[in-house]
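Atom set for the values below is all heavy atoms of this structure, side chains included, hydrogens, waters and symmetry mates excluded. Indexing begins at 1, ligand by ligand and atom by atom, following the structure's order.
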Amino acid sequence: MNSTLEKLEQFGIVPVVVLDDAKDAAPLAKALCDGGLACAEVTFRTDAAEESIRIMTSEYPDMVVGAGTVLTTEQVDRAVSAGAKFIVSPGLNPKVVKYCLEKNIPVTPGVVTPSEMEQAIELGLEVVKFFPAEPSGGLAMIKAVAAPYTMLRFMPTGGINPQNITPYLQYNKIIACGGSWMVKGSLVSEGKFNEITALTKEAVELVHSAREVK
Ligand SMILES: O=C[C@H](O)COP(=O)(O)O
Ligand SMILES: CC(=O)C(=O)O
């Protein structure tokens, strides 16, 4: 597996971030690093994404920052030139995946169905996003599809929270879970960065205890 994805596996949780204002990027990165999760997926759902990635990667160079909701090759270029180390999308766009692979940029497109998973395998991927995880059958669905697709590993995202994450983390086909509960928009806009750090520390504890009893 690619070394960036290996780092995400070590963290176990990837905070999925939506930033409305790039001024929040540095304090948010600090809050996540202080909490023990030096990684983030900054989604291209807002105009502030590119500048936020640039700020996070320049001020926190050891942080593993990727771009989410990447829907076009032009966004891939903008994300990578801002410093993004990995690319995530909600669905599988073959054009975007091939573009990333040609440029050696780790890419984890969202898939749900067996047909989409076969498309990912055909494109040469070993890790896919499973999105939206909970509405699409959650861990039971991942375990069912992992039986035929033994070469695939998953990064489930969507509806995962502290109450349901433990069994996901204990399944060895899952490298990490994406989630937004520790970086909710209201916490960021209200400047509650201490709370973000506290929620992040709790998330890290969940990873440790899930993996200890594995
Ligand atoms: O679109 C949702 C994000 O990918 C993360 O999902 P979440 O807010 O359910 O954790
Ligand atoms: C949901 C997701 O994975 C994304 O927005 O990229």
Does anything in residues 138-156 form a side-chain hydrogen bond (donor to acceptor under 3.5 Å, both in side chains)? List the pairs, not counting sequence neighbours. E9-R153, E118-Y149
Do the side chains of [Y] and [X] get nearer than 4.5 Å, heavy atoms only?
| X | Y | answer |
| --- | --- | --- |
| W181 | Q163 | no |
| M182 | I13 | yes |
| N2 | E126 | no |
| C177 | L169 | yes |
| F44 | L71 | no |

Salt bridge or not for R54 and E50, using N-O below 4.0 Å? yes
Pair E74 + R78: basic N to acidic O under 4.0 Å: yes
Part of P132 with heavy atoms under 4.0 Å of ligand 2, whether side chain, backbone, both or neither: neither
In terms of atom number and element, which parts of ligand 2 are under 4.0 angstrom from non-hydrogen atoms of [X]?
| X | value |
| --- | --- |
| F131 | 1 (C) |
| S89 | 3 (O), 6 (O) |
| E41 | 2 (C), 3 (O), 4 (C), 6 (O) |
| R45 | 1 (C), 2 (C), 4 (C), 5 (O) |
| G68 | 6 (O) |

For P90, is the nearest heavy atom under 4.0 Å from an atom of ligand 2? yes
Has V88 got any heavy atom lying under 4.0 angstrom from an atom of ligand 2?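 Judged by the 4.0 Å heavy-atom criterion, V88 does count as contacting ligand 2.
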Closest protein heavy atom to atom 3 (O) of ligand 2, given as residue, atom name and distance to 0.1 Å: K129 CE, 2.9 Å
With rounding to the nearest 0.5 angstrom, report the [atom1] to [atom2] distance, [X] to [Y].
| X | Y | atom1 | atom2 | result |
| --- | --- | --- | --- | --- |
| K173 | F130 | NZ | CZ | 15.0 Å |
| C39 | K85 | SG | NZ | 13.0 Å |
| D47 | D20 | CG | CG | 9.5 Å |

Polar contacts were defined as any N/O atom of the residue lying under 3.5 Å from an N/O atom of the ligand; does this apply to T157 and ligand 2? no
Which of the listed options, V14, T43, T69, holds the heavy atom that is closest to atom 4 (C) of ligand 2? T69
Any idea which residues sit under 4.0 Å from ligand 1, heavy-atom distances? V16, R45, F131, T157, G158, G159, G179, S180
